[in-house]
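Note that this is a predicted model, so its numbers are computed, not measured. Just so it is clear, the values below take in all heavy atoms, side chains as well, and ignore hydrogens, waters and symmetry mates. Here is the naming used below: chain letters follow the sequence lines, and residue numbers restart at 1 for every chain.
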Number of protein chains: 2
Amino acid sequence: MVGAGGIVEVAALAGVSPATVSRALRGLPGVSASTRAAVRVAAEQLGYVASASASALARGRTSAVGVLAPWISRWFFAAVIEGAQELITSHGYDMLLYPLGANAGPDAGPVDARALHKRVDGVLGLNVPASMPTDSLRDLRVPLVTVGSTVPGLSGVQVDDVRIGLEATRHLLGLGHSRIGFLGLDPDDLYGFTVAADRHRGYVQALEQAGIEPDPRLTEVTGWAVQGGEAGLGHQLELAAAAGRTLPTAFVAVSDEVAMGALYAARCRGIRVPQDLSVIGVDDHDLSYLFDLTTVSQPVRRQGRLAAELLLEQMEGGAAARPRVVQIDPGLVVRSTTGPPRD
Amino acid sequence: MVGAGGIVEVAALAGVSPATVSRALRGLPGVSASTRAAVRVAAEQLGYVASASASALARGRTSAVGVLAPWISRWFFAAVIEGAQELITSHGYDMLLYPLGANAGPDAGPVDARALHKRVDGVLGLNVPASMPTDSLRDLRVPLVTVGSTVPGLSGVQVDDVRIGLEATRHLLGLGHSRIGFLGLDPDDLYGFTVAADRHRGYVQALEQAGIEPDPRLTEVTGWAVQGGEAGLGHQLELAAAAGRTLPTAFVAVSDEVAMGALYAARCRGIRVPQDLSVIGVDDHDLSYLFDLTTVSQPVRRQGRLAAELLLEQMEGGAAARPRVVQIDPGLVVRSTTGPPRD
DNA sequence: CTGTTAGCGCCTTCAA
DNA sequence: TTGAAGGCGCTAACAG
């Protein structure tokens with residue numbers, strides 16, 4: 001039916017008061033079975049659904065969660081959101097999408113935490129810049145659960161990015177590589193999150209533990225896009241040529257996308273993988289297997305789901321729910337872009 | 001500051017009435033410059049932001065738009081959403097994300113149009129099933145703009161999918177192919193949209209126009225995922241082997257993702273592209289160039305932006321805004337997964 | 001230009 | 001188990 005009517009129409013049709021309609025439809029106790037049934041019939045007949053705004057205003061809760069994400073066309077973020085979605089919606093929350101950083105348009109400032117807390121009951125923050133918390137986190141009066149970055153005292157799903165860098169590099173070391181480059185520093189940490197820097201730190205640690213002095217010239221700033229990986233490898237080739245040395249025998253890429261770009265650049269130049277060059281990525285992107293890409297995996301959709309769980313816990317558990325940080329272990333998916341070095 | 005106060009606190013601090021605060025902050029005319037400034041100062045000092053729920057209730061508009069999408073981790077949808085996002089948010093609308101179909105969870109029914117119209121001022125429908133309009137579109141009392149499918153009488157951004165299939169097939173015909181397969185029928189049109197069927201129709205038309213009898217055995221049901229393309233090509237190989245004939249010399253894939261899967265399957269079996277097999281996709285996916293994939297492009301982000309424009313037009317133009325359908329022309333991006341047939 | 005007066009539609013006491 | 005009354009925070013119409 002039309003669905004324009006309000007609670008009073010339903011009440012009239014069912015022959016009860018609006019208060020009873022409200023109780024009946026929300027499944028609150030203290031309504032006789034027969035009354036409840038009558039109300040349901042009336043509501044159904046009128047196509048009645050409570051107005052979210054009115055309900056939110058009266059209850060002081062919005063039944064919505066906000067998702068802060070820097071991009072959504074980057075697979076990682078889309079997959080996390082998708083992972084969170086089912087749980088969020090099945091608990092009756094709507095999902096509001098807020099762009100952050102790059103994707104937010106030219107002059108969009110940092111997210112207005114004050115506006116957010118009146119709009120949503122909780123926030124899922126994907127790679128929220130490390131700088132944001134200090135600025136405006138205290139203004140955010142609703143639970144915030146982070147993914148991909150951590151804020152002390154808050155719930156979050158975390159992978160140890162240092163360890164990711166470590167594992168990736170160790171895999172290459174284990175194959176016998178010793179000249180290993182890193183593709184993926186974030187351009188002046190543009191969005192203020194430290195994922196790239198942490199993975200790089202793991203890379204450095206692994207080398208040092210193996211008694212290898214990290215060579216800063218082998219690290220490229222690429223950002224997160226495919227093109228960055230492509231350009232990064234290109235630049236390394238130029239550097240090597242100019243210095244009269246050879247390319248490193250292996251690269252750790254900060255993400256699968258960057259790795260894909262590097263593989264492309266290598267292929268264009270006739271560099272064989274893994275004979276001449278090994279490349280390992282991070283994420284286990286849906287498309288990575290197409291490249292036979294070896295990668296450090298993180299269960300991305302599960303991170304989204306877990307984050308949703310933590311958020312629901314905070315929103316519904318109230319103060320009783322202590323903040324929890326869930327650590328997710330990275331895995332290693334060995335395919336065939338990595339192998340022993342030729343020399 | 002804290003940001004918990006309401007409009008009355010601001011009014012008190014500024015020494016005016018709540019109504020004036022409302023007018024001043026929203027930039028309505030009829031407020032003296034000095035008053036407006038004073039109100040702004042007070043609001044800033046208190047960290048005041050109007051409650052969206054209260055405002056929505058009072059005005060009868062929610063300042064939100066809903067986005068209906070079957071997946072978001074499929075690049076096409078994420079890119080459309082991203083394309084729409086900036087315009088939507090810069091006009092002061094929040095974006096609500098509603099999963100549809102596959103992604104909505106096991107038992108999620110069709111979107112409840114009645115619930116939607118009280119929650120949002122407009123809806124962006126990405127590939128809304130052809131069946132949905134009939135069912136519940138009349139209950140949706142707010143403007144709906146479609147992308148990827150059209151509903152008579154509504155605004156929408158459209159690419160001619162028949163033409164896409166036609167162009168893709170013609171490209172292959174032009175190269176001299178005559179045995180051309182199609183990878184990409186939707187499993188029993190699972191989500192009820194006709195994109196795949198339309199592209200297939202274009203494929204059939206192109207063949208017929210070239211005087212070639214389409215062979216139904218060369219069409220595979222793959223769905224939209226990479227894996228579908230991979231399996232589809234595999235199945236074609238089996239069929240060919242069983243029938244003692246050779247594989248078609250070329251395939252049209254319904255999407256770049258499906259094409260990627262097919263390329264992978266070919267590579268695994270040592271089938272050379274494009275010498276032994278040509279493959280053309282659709283979309284011009286961000287990653288397609290990595291595969292040197294020839295594809296029929298559609299400007300995806302621009303479709304999102306256009307859809308946002310149409311929607312804003314409908315929402316803000318009111319009845320004055322006639323529904324418009326914007327046709328987007330597909331392009332052809334020739335890379336190197338297509339070439340002349342060997343025989 | 002500004003204040004006062006009523007709601008917007010629902011939910012939540014409190015009383016019956 | 002149900003109804004009546006009031007208020008959530010803001011905005012719109014009408015006065016002044």
**OP:** Just compare D:dT1, C:dT4, D:dG3 and give me whichever is closest to any side-chain atom of A:Thr35.
**Re:** D:dT1
**OP:** List the protein contact pattern of nucleotides 6-16 of chain D with one symbol per nucleotide (5' to 3'): B for base contact, S for sugar-phosphate-only contact, - for none; contact means a heavy-atom distance under 4.0 Å.
**Re:** -BBBBSBB---
Original post:
Just checking A:Gly60: base, sugar-phosphate only, or nothing, at a heavy-atom cut-off of under 4.0 Å?
Top reply: nothing
**OP:** Give a yes/no on whether any side-chain N or O of A:Thr20 is located under 4.0 angstrom from OP1 or OP2 of D:dG3.
**Re:** yes
Subject >> side-chain contact (heavy atoms from CB on, under 4.5 Å) partners for B:Arg36, two or more places apart >> reply: B:Ala24, B:Val31, B:Arg40
**OP:** State whether the side chain of B:Ser73 and the backbone N or O of A:Ala78 hold a donor-acceptor pair below 3.5 Å, judged by distance alone.
**Re:** no
Original post:
Backbone N or O of A:Gly125 within a donor-acceptor pair of the A:Thr146 side chain at under 3.5 Å?
Top reply: no
Original post:
At their closest point, which heavy atom of B:Gln314 faces which heavy atom of B:Pro143, and how far apart are they?
Top reply: CB-CB, 3.5 Å
Original post:
A:Thr62 and A:Asp121: side-chain hydrogen bond (donor to acceptor under 3.5 Å, both in side chains), yes or no, with the steps?
Top reply: CA-CA 6 Å; A:Thr62 62; A:Asp121 294 335; 3.1 Å; yes
